[in-house]
Amino acid sequence: MRLLHSADWHLGRVYHGVSLLTEQAHVLDQFVHLAATHKPDAILLAGDIYDRSTPPAEAVRLLDRTLTQLVVDLQIPVIAIAGNHDGADRLAFGSHVLQRAGLTVRGPTQAHVEPVRLQDAHGTVAIFPLPYADPPTVRHALQVDALADHHAALDAQLSDIRGQIQPGERAVLVAHAFVRGGAVTESERDLSVGGTSAVGVELFGDFDFVALGHLHRPQQVGPAPVQYAGSLLKYSFSELDQQKSATLIELGPKGQVTTQRLPLQPLRDLRAVDGLLADIVARGAQDPHNQDYILARLTDEGAILDAMGKLRVAYPNALAIERAALMGAGNVLAAGRDHRKMRTEDLFADFYLEVTGKTLEADAQDVVAEVVAAVIVHMAER
Ligand SMILES: [Mn+2]
């Protein structure tokens, strides 16, 4: 049996103020083309279909179009789950009706996970679509008080699933989770505030393949066939070196699994350019890929007036500028100083130095400290 695995489409995502819908539509056309070429028996979408629980209308239209192409035109069953970015109930609207047409969507957490069973020459494959849920949601759905963390919550959900696997049949899990040991990027939203959201890979021992969503780098985790498909596009500058892909899975007789990554090529790449602003602008004028989304890592020292305006003359879709020189030792923002841990008055003194080139004098520092204290008191009283 052949399965095509994808995840983390994040339809409707806006990055540095730019809507990525055109990019997403371009790569989804490729995905549909891959499905038409490889003719999988089912497509697995492991969550974060949308970027947020109330997606923009254009994102809904794009998903509608894509699923229609896959399920109606190509006649390939699609099995999708909600991720932590999706609104589970909204995503699952009409799911009982759609199931009959070949589209399985699982949103809200259920105590019992109904599998989708498919047949091939080697027998049955049971595919269990398990949508994302945080521990309180799982406690409520399963009516269990314990389950302190994500690991315990997932283990409890899997115990129902393990009990359903028939002897000899192959079992596939579709889930959205942070598996310990997986490589993270900056575009995943943490699953828990404080505490650990990681689950252990040992939970997946009973499955022939685990199709995961959440981590945006395509990767296998641990020795078991546990894989992240990765996101549709590079969704942060921490993913510049990544080749995004969909995963093609061949399930042979029980115990035989092979996988292959099928590359996805963006219309406009997300990449970095380095050097002096003037040199970058000069090179950009000759760059055939000057429509790419650019992070410019400038080596210029000192202030530059309207750096972004100048950069966009050569690279109209430039998104951001990084000034390494301003972060270096001996400069205003000394290396090793984390601005999030600095006092407001020290941040102001740094800002003053950067703008004026002068150190804030002692009596001026006192005035700033007084104002900051007054603001804090005012905020506390509100
Ligand atoms: Mn995601």
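Using a 4.5 Å cut-off on side-chain heavy atoms (C-beta onward), Glu23 and Arg13 make no contact. At least one side-chain heavy atom of Leu4 sits under 4.5 Å from a side-chain heavy atom of Phe31. Between Leu130 and Leu154, some side-chain heavy-atom pair lies under the 4.5 Å cut-off. Using a 4.5 Å cut-off on side-chain heavy atoms (C-beta onward), Leu67 and Val78 make contact. Residues Thr247 and Gln260 fail the side-chain proximity criterion, which asks for heavy atoms closer than 4.5 Å. Between His122 and Lys254 the shortest side-chain heavy-atom distance does not fall below 4.5 Å. Gln365 is not listed as a side-chain neighbour of Val368, based on a closest heavy-atom distance of 4.5 Å or more. Side-chain contact between Ile127 and Arg117 is absent, with no heavy atoms from C-beta onward closer than 4.5 Å.
Between His176 and the choices His85, His214, His150, the ring pair (Phe, Tyr, Trp, His ring centres under 6.0 Å) rule is met once, by His214.
A salt bridge links Arg65 with Asp29: the distance from a Lys NZ or Arg NE/NH1/NH2 to an Asp or Glu carboxylate oxygen falls below 4.0 Å. In summary, Asp292 and Arg271 engage in a salt bridge, as defined by a charged side-chain N under 4.0 Å from a carboxylate O. Glu114 has no carboxylate O lying under 4.0 Å from a charged side-chain N of Arg106, or vice versa, which leaves the two without a salt bridge. Between Asp86 and Arg52, no side-chain nitrogen of the basic residue sits less than 4.0 Å from a carboxylate oxygen of the acidic one, so the salt-bridge criterion is not met. A salt bridge does not link Asp64 to Arg61: none of the charged side-chain nitrogens sits closer than 4.0 Å to a carboxylate oxygen. In this structure, Arg217 does not pair ionically with Glu239, as no charged nitrogen and carboxylate oxygen lie closer than 4.0 Å. We find that Arg162 and Asp206 are joined by a salt bridge, their nearest charged nitrogen and carboxylate oxygen being less than 4.0 Å apart. A salt bridge does not link Arg170 with Asp208: every distance from a Lys NZ or Arg NE/NH1/NH2 to an Asp or Glu carboxylate oxygen is 4.0 Å or more.
Side chains of Glu250 and Thr258: no donor on one and acceptor on the other come within 3.5 Å. Between the side chains of Asp51 and Tyr235, no donor-acceptor pair of N or O atoms lies under 3.5 Å.
Using a distance-only test at 3.5 Å, with no hydrogens or angles considered, no donor-acceptor pair links the side chain of Gln99 to the main chain of His96. In this structure a side-chain-to-backbone donor-acceptor pair under 3.5 Å is missing from Asp279 to Ala282. Between the side chain of Gln219 and the backbone N or O of Ala229 there is no donor-acceptor pair closer than 3.5 Å. Side-chain atoms of Glu188 come within 3.5 Å of backbone N or O of Thr185 as a donor-acceptor pair. Distance alone, capped at 3.5 Å, is enough to place a donor-acceptor pair between the His5 side chain and the Leu212 backbone. Distance alone, capped at 3.5 Å, is enough to place a donor-acceptor pair between the Thr299 side chain and the Gly275 backbone. A donor-acceptor pair under 3.5 Å is formed between the side chain of Lys234 and the backbone N or O of Leu240. With hydrogens and angles ignored, the 3.5 Å screen pairs no side-chain donor or acceptor of Lys310 with any backbone N or O of Ala307. Between the Arg312 side chain and the Ala318 main chain, a donor and an acceptor come within less than 3.5 Å of each other. Side chain of Ser231 to main chain of Asp8: no donor-acceptor pair is present (N/O by atom type, distance under 3.5 Å, no hydrogens or angles).
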request  = Show your reasoning for whether side chain to side chain donor-acceptor pair (under 3.5 Å) applies to Thr259 and Gln227.
outcome  = CA-CA 9 Å; Thr259 61; Gln227 296 215 7; 3.2 Å; yes
task = Might you work through the side-chain contact (heavy atoms from CB on, under 4.5 Å) test for Tyr293 and Asp269, ending with a clear yes or no?
result = CA-CA 6 Å; Tyr293 296 109; Asp269 202 3; over 6 Å; no
task = Take Thr66 and Trp9 through the test side-chain contact (heavy atoms from CB on, under 4.5 Å) and record every step on the way to the result.
result = CA-CA 12 Å; Thr66 306; Trp9 288 2; 4.1 Å; yes
query = Do Arg2 and Asp41 pass the salt bridge (charged side-chain N to carboxylate O under 4.0 Å, His left out) test, and can you show the C-alpha distance, the side-chain angles, and the key distance before you say yes or no?
reply = CA-CA 5 Å; Arg2 183 176 284 184; Asp41 298 286; over 6 Å; no
message = Run Leu319 and Leu295 through side-chain contact (heavy atoms from CB on, under 4.5 Å) and show every step you take.
response = CA-CA 6 Å; Leu319 294 182; Leu295 164 67; over 6 Å; no
ask   = Can you check side-chain contact (heavy atoms from CB on, under 4.5 Å) on Gln24 and Leu233, steps first, answer last?
value = CA-CA 7 Å; Gln24 293 173 328; Leu233 293 166; 3.7 Å; yes
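Heavy atoms only, all atoms of each residue included: Val172 and Phe207 are closest at C-CD2, 4.2 Å. In plain terms, the two heavy atoms of Ala42 and Ile79 that are nearest each other are CB-CD1, 4.5 Å. Smallest separation of non-hydrogen atoms from Val210 and Phe204: CG2-CB, 3.7 Å. Counting all heavy atoms, side chain and backbone alike, Pro316 lies closest to Gln291 at CG-NE2, 3.7 Å. Residues Pro115 and Ala126 come closest through the heavy atom pair CB-CB, 4.4 Å. Leu277 approaches Ile304 most closely through the heavy-atom pair CD2-CG2, 3.8 Å.
Using a 4.5 Å cut-off between side-chain heavy atoms of Ile, Leu, Val, Met, Phe, Trp and Tyr, with links allowed through other members, Leu215 and Leu264 fall into different hydrophobic clusters. By the rule that hydrophobic residues join a cluster once side-chain heavy atoms approach within less than 4.5 Å of another member, Leu191 and Val221 end up as members of one cluster. Clustering ILVMFWY residues whenever any of their side-chain heavy atoms sit less than 4.5 angstrom apart, transitively, puts Leu147 in a cluster other than the one holding Val199. Phe128 and Val105 are assigned to two separate hydrophobic clusters, defined by single-linkage of ILVMFWY side chains at heavy-atom distances under 4.5 Å. In terms of hydrophobic clustering, with Ile, Leu, Val, Met, Phe, Trp and Tyr side chains grouped at heavy-atom distances under 4.5 Å, Val27 and Leu74 are assigned to a common cluster.
In this structure, Phe178 has its ring center no closer than 6.0 Å to that of Tyr132. The aromatic ring centroids of Phe237 and His16 lie less than 6.0 Å from each other. When ring centroids are compared, Tyr50 and His10 stay outside the 6.0 Å threshold.
The distance from the CG atom of Leu142 to the CD atom of Gln110 is 10.5 Å, given to the nearest 0.5 Å. Considering CG of Leu34 and OG of Ser6, their distance stands at 9.5 Å, rounded to 0.5 Å. Put simply, CG on Leu251 and CE on Met1 are 7.0 Å apart, with the number rounded to the nearest 0.5 Å. In this structure, the separation between CG on Leu20 and CZ on Arg268 is 9.0 Å, given to the nearest 0.5 Å. The OG1 atom of Thr344 lies 5.5 Å from the CD1 atom of Ile376; values are rounded to the nearest 0.5 Å. With values rounded to the nearest 0.5 angstrom, Ile81 atom CD1 is found 10.0 Å from Leu91 atom CG.
The 12-atom threshold is not exceeded at CD of Glu361, counting heavy atoms of other residues, nucleotides or ligands nearer than 6.0 Å.
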